[in-house]
Structure formats: structure tokens, C-alpha cells
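Keep in mind it's a predicted model, so treat the numbers as computed, not measured.
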Amino acid sequence: MIGEILVGAAAAAISVGLAAPAGADPVTTAGASQPSQPGTPQDFLAAARSAGITGTDPAMLGDGYNVCWNLWNQHASGTQVAAGLVRDNPQLTTAQAGRFVLSAYNDLCPVPGAYDYWAYSTS
């Protein structure tokens with residue numbers, strides 16, 4: 001029962017933090033904001049690891065940049081992206097996936113606007 005409440009709370013936090021109408025600026029909509037200084041890949045990896053997520057740095061960065069691509073180009077909500085992470089990585093909890101999405105958003109994603117895959121890809 002408590003686990004269900006925590007999962008529900010995590011999903012609600014993700015949806016409030018990243019929900020935005022199509023075409024809206026997700027940084028200012030719903031109160032989410034990026035830090036005044038942009039994060040770094042090292043900040044992202046540290047945040048992901050503090051959430052209990054393990055993996056190789058290149059794979060985690062690739063997944064993090066994919067989160068950005070899904071948010072900006074696919075106009076997916078944070079909850080949709082987190083659900084996809086859980087689907088593709090069953091070892092992740094919903095809370096971990098939510099923290100991963102928020103960490104990618106804060107530390108890896110470009111400022112609002114079009115996502116430039118070539119500028120931010122790891123390949």
C-alpha cells in the first residue's frame with residue numbers, strides 16, 4: 001500500500017514538473033525550471049547514481065540524451081518518458097525513472113527550443 005502511494009506521488013511529481021501543453025515552453029509551464037547554471041554530464045551521472053541507478057557512463061548518457069530528444073522532439077510528457085524507461089529497463093522503479101528524467105532535463109537537455117541532436121548526441 002505504501003509503495004503504491006509512493007509510486008503515485010512520484011508519477012504526480014513528474015507530471016507536475018514536466019507537463020506542458022503541446023508547443024508550450026516546458027521550463028516555465030507548471031513551475032519547473034532549469035538551474036541558473038546549466039548542468040553537466042557529470043552532474044547528471046551523479047544525480048542518476050544518487051537515485052540508485054547503475055550502468056556504464058556512455059549508456060546512461062545515451063539514455064539521458066534520448067530523454068531530452070523525447071521531451072523536445074516527440075513532445076512527450078515526463079510521465080510518458082519515465083514509463084518508457086521502466087518498460088525498457090524493468091529493473092528501474094517508477095521513482096528512479098522519474099528522477100532520471102528530471103536529472104536529464106536539468107543537466108543534459110538544451111535550453112527551451114528545438115533539440116539539436118547533432119550538438120548533443122553521444123555518437
Donor-acceptor under 3.5 Å ([X] side chain, [Y] main chain):
{"X": "Q80", "Y": "S77", "value": "yes"}
{"X": "N66", "Y": "G62", "value": "no"}
{"X": "N73", "Y": "W69", "value": "no"}

Where is the tightest heavy-atom contact between [X] and [Y], given as atom of each residue plus distance?
{"X": "F44", "Y": "G64", "value": "CZ-CA, 3.8 Å"}
{"X": "R99", "Y": "A47", "value": "NH2-O, 4.1 Å"}
{"X": "A104", "Y": "C68", "value": "O-SG, 3.9 Å"}
{"X": "V81", "Y": "A76", "value": "CG2-CB, 3.8 Å"}

Could you tell me the separation between the [atom1] atom of [X] and the [atom2] atom of [Y], rounded to the nearest 0.5 Å?
{"X": "S103", "Y": "I53", "atom1": "OG", "atom2": "CD1", "answer": "7.0 Å"}
{"X": "L108", "Y": "Y65", "atom1": "CG", "atom2": "OH", "answer": "5.0 Å"}
{"X": "S50", "Y": "Q96", "atom1": "OG", "atom2": "CD", "answer": "10.5 Å"}

Side chains of C109 and W72: closer than 4.5 Å at any heavy-atom pair?
-> yes

Side chain to side chain contact (heavy atoms under 4.5 Å, CB included) between L61 and L45, intermediate numbers included | CA-CA 8 Å; L61 284 171; L45 292 170; 4.2 Å; yes

Summary of salt bridge (Lys or Arg N to Asp or Glu O under 4.0 Å) pairs that have at least one residue in residues 57-67, sequence neighbours excluded |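 Salt bridge (Lys or Arg N to Asp or Glu O under 4.0 Å) check on residues 57-67 returns R49-D57.
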
Restricting to pairs with a member in residues 67-76, which pass salt bridge (Lys or Arg N to Asp or Glu O under 4.0 Å), not counting sequence neighbours?
->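 Residue pairs passing salt bridge (Lys or Arg N to Asp or Glu O under 4.0 Å), neighbours aside: none found.
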
Considering residues at least two apart in sequence or located in another chain, which fulfil the side-chain contact (heavy atoms from CB on, under 4.5 Å) criterion with N89?
-> L85, Q91, L92

Name all residues meeting the side-chain contact (heavy atoms from CB on, under 4.5 Å) criterion together with A83; count only those two or more places apart in sequence or in a different chain, and write none if there are none.
->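 If we apply the side-chain contact (heavy atoms from CB on, under 4.5 Å) test to A83, skipping adjacent residues, there are no hits.
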
Residues that T56 engages under side chain to side chain donor-acceptor pair (under 3.5 Å), provided they are two or more places apart | none

